[in-house]
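Being a predicted model, the structure only gives us computed values, none of them experimental. Below, chains carry the letters A, B, ... as their sequence lines are ordered, and counting in each starts from 1.
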2 protein chains.
Amino acid sequence: MPRVSKEACLDELKLRILRMELEPGMLLDEASLAAHFGLSRTPLREILQRLAGDGYLSIRENRGAKVASMDVTTMRTFFQTAPMVYANISRLAAENRTGAQLSDLQRAQAEFANCTSEGDAPAAALCNHRFHALIGEMAQNPYLVAALNRLLIDHTRLSQTFYRPAGPREASLVTRASEQHDALICAIDARDGDLAIELTLQHWDLSRDSIERFVRPDPLPVDLVARKEKDAV
Amino acid sequence: MPRVSKEACLDELKLRILRMELEPGMLLDEASLAAHFGLSRTPLREILQRLAGDGYLSIRENRGAKVASMDVTTMRTFFQTAPMVYANISRLAAENRTGAQLSDLQRAQAEFANCTSEGDAPAAALCNHRFHALIGEMAQNPYLVAALNRLLIDHTRLSQTFYRPAGPREASLVTRASEQHDALICAIDARDGDLAIELTLQHWDLSRDSIERFVRPDPLPVDLVARKEKDAV
DNA sequence: TGTATACAATATGTATACAAAAAGACTGTG
DNA sequence: CACAGTCTTTTTGTATACATATTGTATACA
């Protein structure tokens, strides 16, 4: 991939991290990345620094850059923090949005709905990311947005995992998520902060349930487990 | 200043931004900075990228790096956001702190108390910064810490301004702040999250009052204003 | 006098070469 | 066979030279 602009390189690396093509904890090689994007190492290193600043990577002196990890403590912290930040961001977005931003958000939601109706789960997760990042921009609060964007990185990466096996039950959940997006847009349009908070918390509950169902799936059928138990005894 | 390590350069730039020696909005020149620190432009540029990622600077393509601004909207957002983030960080710190971190915090507070008793206001503001940054580390929450550290940058810069003219009233406020620090350490030591929140909000009220008193000082004596009013009528 | 354009000066962005540090392979010894 | 130490290889960090973009200035023209 020769002669790619710096910004394009930045975006693609973000994308590949969000899609989990670059797995958490994975070590990145400067030379090969630079060759891949048709850049020299100098600008590529600056890109890595920026990605680290945004929470996509962690860089250690003389040890290279690795994709931000997603261990158990990370997930625990994520579940603890996300609803509060999401809710506050939504309230601020309802209060501070501009008209142009609302149009952008509606377009992003149209794309999300399109992806879900076509059953393209990975694309839907990325559209969802963009949707919520736009709400972050509306909030006009650089402090909270820093937290939000870090949360969204992990949220999207988790979604990449749990959206994948799209059974009929998961499909209906995605439909509900899309409806909640529409409702949230209405609340933001009406500048109704309290409603935006409430809808956001509902949206979060849905998302959390989906993730939890993946992490703690239904147990195996009993007759299969029985043999294993007999061996153990 | 020849042959300064990269990390030292990073720290000094942070320090000079927090002390407002590098004023908000000020444009930084790569070449002169590199010469000043005895580095070449390549590593210095990486440092600037990192500082931008941490919220100290903002970088625009082909336009150089400028110190993060502090305009009216920034301050409004700051006052809106700080108490919530501070309170939550304190609660998490009380819940998740380690023994070693508590010792560090006590040392930082000793330094802060020392600076205040000596009347060294600028140094006190920096010690205060470090004190609260350590509480952030205790919280073990990278999402909220990103917000906290950005808040602390602006908080410390505001303090640099309003701590300066240290009248007797300001001195007593600083003493109270130091006592609140001690109380907060006790709460964190006892792992009392609710108490930590309450103390943090009190601490915030004190800080906010100080800043507001600086921004909206007592009006001029009436007899001086009288003449002006007569002219107007 | 105001404005537009060309040109010069300055600053930022990129590529390459080299230095330093970490990781890995090899060999000798217990 | 395990292990320590040294050498080689690989990777990261830095300096310099050059390319490109922006800014400032002078001059020509309306």
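At a threshold of 4.0 angstrom between heavy atoms, the contacts of Leu27(B) with the nucleic acid are absent.
Stem regions for DNA chain D, each three or more consecutive Watson-Crick or G-U pairs with both distances under 3.5 Å and listed by first number, read C:1-30 with D:1-30.
Among residues two or more places apart in sequence or in another chain, the side chain to side chain donor-acceptor pair (under 3.5 Å) test is passed with Arg130(B) by none. Partners of Asn96(A) under the side-chain contact (heavy atoms from CB on, under 4.5 Å) rule, at least two apart in sequence or in another chain, are Leu92(A), Gln140(A). Applying the ring pair (Phe, Tyr, Trp, His ring centres under 6.0 Å) criterion to His203(B), with sequence neighbours excluded, gives His132(B), His181(B). Residues forming a side chain to side chain donor-acceptor pair (under 3.5 Å) with Ser32(A) (at least two apart in sequence, or on another chain): Asp29(A). By the side-chain contact (heavy atoms from CB on, under 4.5 Å) test, Ala110(B) is found to be paired with no residue, residues two or more places apart in sequence or in another chain being considered. Every side chain to side chain donor-acceptor pair (under 3.5 Å) that Asp104(A) has, sequence neighbours left out, goes to Arg107(A). Residues satisfying the side chain to side chain donor-acceptor pair (under 3.5 Å) criterion with Glu46(B), sequence neighbours excluded, are Arg45(A), Gln49(A), Lys6(B).
Within the structure, side-chain hydrogen bond (donor to acceptor under 3.5 Å, both in side chains) contacts touching residues 51-61 of chain B (residues at least two apart or in different chains) do not occur. Listed by first then second residue, pairs satisfying side-chain hydrogen bond (donor to acceptor under 3.5 Å, both in side chains) with a partner in residues 73-86 of chain B read Asn141(A)-Thr81(B), Asp71(B)-Thr73(B), Asp71(B)-Thr74(B), Tyr86(B)-His155(B), not counting sequence neighbours.
Contact check of residues 41-49 of chain A against DNA chain D (heavy atom, cut-off under 4.0 Å) returns Arg41(A), Arg45(A). Sorted by residue number, the members of residues 50-68 of chain B with any non-hydrogen atom under 4.0 Å from DNA chain D read Asn62(B), Arg63(B).
Rounded to a whole Å, the CD atom of Glu30(A) is 15 Å from the P atom of dA22(C).
At least one side-chain heavy atom of Asp154(A) sits under 4.5 Å from a side-chain heavy atom of Arg157(A).
The side chain of Asp29(B) sits closest to dA11(C) out of dA15(C), dA11(C), dG13(C).
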